[in-house]
Amino acid sequence: MGYQLLPFRFERFNDTEYLLTNEVGEYIFLQNEDFHRFVDGKIDTHSDLFYDIESKQIATTDKVEDVVSMLATKFRTKKSILRDFTSLHMVVPTLRCNSSCIYCQVARKNRDDHSADMTKQTAKNIVKTIFQSPSPCIKIEFQGGDPSTDFEMVKYIIEEAEWQNLFKKKELDFVICTNLTLLNEKMVKYLKKHNCMISTSLDGPKDLHDTNRPLQDKELDHHAIFEKHLSMIRRIWGNNDCASALMTTSKYSLGRFKEIIDEYVRLGFNSIFLRSLNPYGFAKQYKEKIAYPIEDFIENYKEGLDYIIELNKKGTFFVEGFAALLLRRMLTPFATGFVDLQSPAGVGIAGVIYDYDGSVYVSDEARMMARFKNYYFRLGNVNENSYQEMFNGELLHRIISSACTECLPACVDCVFQPYCGADPVRNMSEQGDMIGFRPTNEMCKKTKSIIHYLFELLHKHDPEINRIFWSWLN
Amino acid sequence: MANIKFPVVKLDNNKFQVIVDFNLYTKEVVTASIYKFSHLFYIHQQTDADNPNLVNVIFESKDDNTITEDITKQFCNELIDQQLRHNVNAQFGHIRDMIVEEAFKPVNSK
């Protein structure tokens, strides 16, 4: 053999081709015959085919040490999310909420029930804990319930964090996740003043949004209030970028992705994240009523993505968020900060959540499990435990060591591994342990299908699709 | 034409047996291949009584999943892919370790 194979993974992509990927996400398609000649060491090192393979760092005729050095630099970049440790800190000031979403995952409280409100002492301890993170960037994201039901606590935490940051001098950002309906002009002006971005939920056109996310007060028109308040927020901020929206797919959303996307466009959003239902809370409890086979979501997702590509072809710049995230991993050497799909998993080490009572969970989903009496992923409590006990404790070490796709069964050989991630919390919720079982794992099925579809689209070599995909990465 | 001995045998009670030759496939490869089918079928391994280099992999119906000869042929293809992964990994596994070690080596800032 005139060349050295470098680490790669492969899979039969279709009847005539293999897909090969390396540790840092470079990829190449090889005809079946070429693939077998390649692994047998029979490719001419002066052929165009070999030059293509070598340019992807899947084989080399150079000194191995030199190539290792280059690949190591790229690998380090891809894993740079590990460098700073926890940067996303989600805080739940209250479980009160004025919605009654059919897939609620947090066992919300009614607006007049103050039993799950955060105390100032707990809030103070949370902020103190957050600022012990070594990360130079701190993002505090308010979750709920709906945090706007306890806006005074949101203000207290923002101001406490800003005070702490006078000494710590970190890059500090805020986000509030809210259904918008309780925000008034005074609150929005406060949020703008403190540069607190707004993340909201929009499940589609009025009938679908109101079916998935009705308000507790049935007399109120959720979608109409949402639209009115969205306009008010954008007027005060002076731009559309201050508020982004997330959608959740219920059974009622299937077959309606085009309408959902049209609604996002109509309301002035330039992106959507087509998101399947997570198996927690009511979504798990009332699975028969609102969930669906993951294959149905995958088909809807593909139709939705095709529709979005068509919109872009017609001149409307509009991004599908999950595709953009994966494409960034497939087409660029850069890291992506998406906590839910990392290896090692981002739970605890990239993002963490502080509940209203000071309990610390490795992720929002872990907190959701705790609502239903599963406390496996609780790191401790800010009122009782030190930062070191929680973030350098045996539990977090155990979780992370169970959550590297580089060594999980089936993931270890998966051709899509460089683009994927581990989710020990979801594995536990769905399959009973942190490792999970890939052949029946819905998250695995969904992610692999979507990556495969993106590769199919890239493999068409359609200049217009490629232009659109690259425009999403800039 | 040479007389090729086909390794797939249909047994009674909706079971199929695949005879795997350890001269061609390693134990790890057989286990990795079985793993991918274990959600569909109960799968048993038995070393052949007459030949310790052969293992009989028996597929038994589970949850009303019907076993067909096609399934066992897919298993045979999976064995080939897994063995190939095993073979190429033997060539570059140490390079993968070198990359990870180099990537996470402490950086001297001076």
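Protein chains get the first letters and strands the later ones, always in sequence-line order, with residue 1 at the start of each.
Nearest heavy-atom pair, B/Ile95 versus A/Leu5, reported as atom, atom and distance to 0.1 Å: CD1-O, 3.8 Å. A pairwise comparison of heavy atoms in B/Leu84 and A/Phe35 identifies CD2-CE2, 3.4 Å as the closest pair.
The distance from the CD atom of B/Glu101 to the CZ atom of A/Phe75 is 12.5 Å, given to the nearest 0.5 Å.
Scanning residues 405-427 of chain A against chain B with a 4.5 Å non-hydrogen threshold yields A/Pro409, A/Ala410, A/Asp413, sorted by number.
Residue A/Glu456 qualifies as enclosed at atom CD: its count of foreign heavy atoms under 6.0 Å is above 12. The 12-atom threshold is not exceeded at CD of A/Glu33, counting heavy atoms of other residues, nucleotides or ligands nearer than 6.0 Å. Within a 6.0 Å radius of NZ in B/Lys27, no more than 12 heavy atoms belonging to other residues, nucleotides or ligands are found.
With a threshold of 4.5 angstrom between heavy atoms, B/Phe37 does not approach chain A through any atom at all. For A/Lys74, no part lies under 4.5 angstrom from a heavy atom of chain B. Interface remark: A/Arg12 contributes side-chain atoms only to the contact with chain B (heavy atom separation under 4.5 Å).
The candidate with the highest count of non-hydrogen atom pairs below 4.5 Å against chain A, out of B/His39, B/Gln82, B/Met98, B/Glu102, is B/His39. Each of B/Ala32, B/Gly93, B/Ala103, B/Ser38 has some count of heavy-atom pairs under 4.5 Å with chain A, and the biggest count is that of B/Ala103. Per-residue heavy-atom pair counts under 4.5 Å with chain B were compared for A/Val24, A/Leu71, A/Thr73, and the maximum is reached by A/Leu71.
In this structure, the side chain of A/Arg76 engages the main chain of B/Lys105 through a donor-acceptor pair within 3.5 Å. With A/Arg438 contributing its side chain and B/Lys36 its backbone, the two residues share no donor-acceptor pair below 3.5 Å.
Side-chain contact between B/Asp81 and A/Tyr18: present, with at least one pair of heavy atoms (C-beta onward) separated by less than 4.5 Å. Side chains of B/Phe92 and A/Asn22 form no contact here, defined as non-hydrogen atoms less than 4.5 Å apart.
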